[in-house]
Amino acid sequence: KRFWYHIHHPEWRAALDTDALAYMKIGQEIGELARQTFPEGVLLPFSPTDKALSATQAALAGDAPVLFEASFAAEGLQARCDILERNADGTWTLIEVKSGVRVKEPDHIEDVAFQAIVLRAAGLRIRDYRLMHLDKEYAHEGGNYDPVRIFQSTDITGMVLETIPRLAADLDAVRALAAQNDAPDFQPNTYCRDCDFREKCHKDVPSGGLWQLPGINVNSVRKLASQGLRVLDDVTSAEQLSPTNRLAYRVISGKQDFTDPELIKQLDRLPGPIGFVDFEAIDPALPRFVGHHPYERVPFQWSLHVIPDADSAQQPEWRDYLHTDRSQDPRIAFAATLWEAVQDCNSLVFYSDYEVTTLKMLRDAGVPYGRELHEKIKAVGYDLFKAIKGKTYWNSFNGSYSIKNVLPAVNPAVSYNDLNVKNGAVAVQVYEEYLDPATSPERRAAIIDDLRTYCQLDTYAMLALYQGFRAAVPGWAPAAVRD
DNA sequence: CAGTCGCGCCCGTGTGCATA
DNA sequence: TATGCACACGGGCGCGACTG
């Protein structure tokens with residue numbers, strides 16, 4: 001259905017968010033770097049389409065050894081290739097560039113197989129298929145990246161040839177789908193959550209669909225639909241659902257929130273002083289610091305709110321660190337300052353295990369205090385997300401356990417709305433901007449303020465969650481009515 | 001007595017969700 | 001884009017019971 005909308009109503013597509021734009025930018029950057037591997041390559045225009053196609057035909061007829069962004073059209077299909085390399089015998093090698101660190105099946109293979117179908121139909125003979133992706137072993141030496149060594153090239157000819165017949169068979173169905181006048185009648189499912197046509201597509205869909213249950217999967221929704229269960233009202237007994245979906249179902253259908261009494265007991269018993277901790281980090285595809293590898297995580301900021309004990313009426317104490325020296329590896333000072341700051345904490349509260357994973361990475365990279373920090377968080381850490389997921393559910397969570405949904409439900413007074421940086425993904429982009437040599441000192445100062453404000457609110461929000469859950473009625477309680 | 005069927009358990013794989 | 005975790009699902013396999 002999404003595909004049909006793409007063809008017939010592209011104008012309904014939601015605008016790309018900053019997140020998506022950032023990934024596209026990375027993709028382009030990687031693409032340009034990959035082209036540098038072939039200094040003799042010729043970059044072809046890719047719009048408008050007729051110009052792109054004619055330029056490609058002219059280049060094929062010429063003698064350029066390597067073509068970038070060659071465009072093809074055949075049998076109603078269009079494809080563009082990152083890199084085409086001419087072989088001595090008149091055949092071609094098709095090279096697809098991906099910005100990840102490994103071949104991802106089946107996505108990458110199908111992507112190339114589709115191009116292969118179009119190119120073959122257009123009369124090209126392709127000898128082999130390769131996928132270029134980043135090499136995790138590459139260590140940045142400062143200065144410009146070495147385009148030859150930063151990439152790994154994998155021969156995927158076998159997998160592509162295997163995939164072509166299956167994909168070609170599917171294409172008939174796809175053509176028929178594209179040609180039909182009305183949108184196909186697919187039932188809403190979990191994957192609708194991040195579809196860029198959701199707003200238009202779902203405007204007439206009645207609420208109450210099973211796919212709204214947090215954690216339910218595509219297959220379960222289909223299976224239940226085949227038994228005639230389409231919406232929550234069709235369910236007559238919670239036993240019809242898998243154990244993980246039962247709590248949310250009972251809460252929604254009974255309009256009663258459930259707070260796990262065990263959760264409150266655990267929160268009451270956390271030994272003080274209790275620290276609420278949050279990190280910000282970048283995972284840059286292209287390493288920013290000497291010795292770093294593609295996608296190696298670089299934590300650059302932490303925030304910590306500390307209360308002396310569970311029942312303390314005192315104001316929480318706030319400490320933080322933000323790395324501002326662009327010439328130094330942020331991880332060193334990050335770890336050293338954090339280790340100092342958490343010394344007196346007997347509990348460390350965080351939301352999802354991102355913090356633990358990040359410290360594990362510091363440990364494995366041999367960063368001083370990385371091992372100590374990882375051991376400490378393993379010993380005294382408390383994952384608030386893990387503690388509530390599937391065990392506590394309120395109607396006001398609206399189908400998600402993300403802190404963006406849970407926080408306003410538990411404590412509506414704490415809000416990210418007035419911030420310049422409202423979420424982690426933006427924090428990452430803003431820090432990349434900070435690192436950029438072209439950024440002005442004034443902008444840098446503003447970025448520092450925004451990042452500190454954001455990260456501070458993140459840990460304050462966790463403290464608010466902690467207090468909010470402790471104050472909640474354990475067990476079943478009437479859902480709060482909010483408008 | 002031997003072959004087969006069915007049930008339950010284990011484990012690998014896939015999916016969903018969270019974080020940045 | 002990466003990472004990790006937890007759970008659902010399905011295939012493989014073992015064992016007990018039933019049947020010809």
Side-chain angles (χ1 to χ4, degrees), chain A residues 17-31 97-108 133-134 136 189-194 211-224 241-248 277-287 292-303 330 334 350-362 364 374 377-378 381 383-391 397-407 421-432 451 454-455 458-459 461-462:
Chain A
D17 56 16
T18 50
D19 225 20
L21 288 169
Y23 289 128
M24 285 177 67
K25 203 177 139 206
I26 291 166
Q28 283 166 16
E29 211 177 331
I30 306 277
V97 181
K98 293 291 180 194
S99 59
V101 290
R102 58 184 68 88
V103 178
K104 191 175 159 197
E105 288 183 68
D107 312 43
H108 293 169
H133 55 83
L134 293 170
K136 248 201 141 174
N189 210 137
T190 48
Y191 41 65
C192 294
R193 281 177 195 152
D194 44 28
W211 49 272
Q212 291 178 6
L213 294 172
I216 199 165
N217 67 30
V218 174
N219 287 331
S220 304
V221 172
R222 290 216 181 101
K223 205 155 115 190
L224 291 163
L241 302 169
S242 75
T244 35
N245 302 138
R246 282 176 201 157
L247 176 64
V277 68
D278 185 59
F279 302 164
E280 306 303 323
I282 51 173
D283 303 52
L286 299 175
H292 288 209
H293 307 282
Y295 290 107
E296 182 163 18
R297 183 166 299 173
V298 186
F300 59 86
Q301 181 178 210
W302 56 258
S303 170
F334 173 95
F350 49 88
Y351 204 83
S352 105
D353 71 342
Y354 183 78
E355 277 66 29
V356 179
T357 308
T358 300
L359 292 178
K360 191 155 81 185
M361 288 173 178
L362 288 185
D364 294 343
H374 182 252
I377 205 160
K378 275 290 182 191
D383 186 344
L384 199 48
F385 167 62
K386 197 171 153 194
I388 63 171
K389 190 188 167 200
K391 298 181 209 151
F397 291 179
N398 276 114
S400 163
Y401 284 98
S402 109
I403 198 162
K404 283 187 219 76
N405 289 50
V406 175
L407 174 67
V421 172
K422 296 187 208 300
N423 61 56
V426 172
V428 167
Q429 286 156 33
V430 165
Y431 194 68
E432 294 269 15
L451 284 174
Y454 166 68
C455 200
D458 256 352
T459 50
M462 251 184 295

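Chain A is the first sequence line, chain B the second, and so forth, proteins listed ahead of strands; every chain is numbered from 1.
Within 4.0 Å of A:Ala281, counting heavy atoms only, lie sugar-phosphate atoms of the nucleic acid but no base atom. Contact annotation for A:Ile282: no contact, since no heavy-atom pair falls under 4.0 Å across all strands. Among the heavy atoms of the strands, none lies under 4.0 Å from A:Asp19. A:Tyr454 comes within 4.0 angstrom of the backbone, heavy atoms only, and of no base. Residue A:Pro243 is classed as a sugar-phosphate contact, given heavy-atom separations below 4.0 Å to backbone atoms only. In this structure, A:Ile26 reaches neither bases nor backbone, as no heavy-atom distance under 4.0 Å exists between it and the strands shown. Among the atoms of the strands shown, only primed sugar atoms or phosphate atoms (P, OP1, OP2) are found under 4.0 Å from some heavy atom of A:Val101.
Judged by distance alone, the side chain of A:Tyr401 and the main-chain N or O of A:Gly390 form a donor-acceptor pair under 3.5 Å. When atom types are taken as modelled, the side chain of A:Asp383 and the backbone of A:Ser352 share a donor-acceptor pair closer than 3.5 angstrom. Counting only distance, with no hydrogens or angles, the side chain of A:Arg246 and the backbone of A:Leu241 share a donor-acceptor pair below 3.5 Å. Of the possible donor and acceptor atoms, none in the side chain of A:Asp353 sits under 3.5 Å from a partner among the backbone N and O of A:Val356.
When the P atom of C:dG4 is taken as reference, atom OH of A:Tyr295 falls 16 Å away, rounded to whole Å. To the nearest angstrom, C1' of B:dT19 lies 11 Å from CG of A:Asn423. Atom P of nucleotide B:dA18 and atom CD1 of A:Ile388 are separated by 10 Å, given to the nearest angstrom. Remark: P of B:dG14 and NZ of A:Lys104 are 13 Å apart, rounded to the nearest angstrom. Per the geometry, OH belonging to A:Tyr191 stands 12 Å off P belonging to B:dT15, to the nearest Å. C:dA6 atom C1' lies 13 Å from atom OH of A:Tyr401, rounded to whole Å. Taking atom CG of A:Asn217 as the reference point, atom C1' of C:dA6 lies 12 Å away to the nearest angstrom. Note: NZ (A:Lys391) to C1' (C:dC7) measures 13 Å, nearest angstrom.
Note on ring orientation: taking the six-membered ring where Trp is involved, the planes of A:Phe385 and A:Tyr351 are tilted (angle from 30° to 60°).
Partner of A:Phe279 under the ring-ring contact (aromatic ring centres under 6.0 Å, His included) criterion, chosen from A:Phe334, A:Phe350, A:Tyr431: A:Phe334.
A donor-acceptor contact under 3.5 angstrom links the side-chain atoms of A:Tyr23 to the base of C:dT1.
Among the nucleotides B:dA18, C:dA8, C:dT3, the one closest to the side chain of A:Ser402 is B:dA18. Here the nucleotide nearest the side chain of A:Thr244, chosen from B:dA20, C:dC7, B:dA18, is C:dC7.
The nearest heavy atom of DNA chain C to A:Thr357 and to A:Asn219 marks one nucleotide each, and the one closer to the 5' end goes with A:Thr357. Nearest-nucleotide positions on DNA chain C place A:Met361 closer to the 5' end than the other of A:Gly215 and A:Met361.
Phosphate contact (OP1/OP2 of C:dA8, side-chain N/O of A:Ser242, threshold under 4.0 Å): present.
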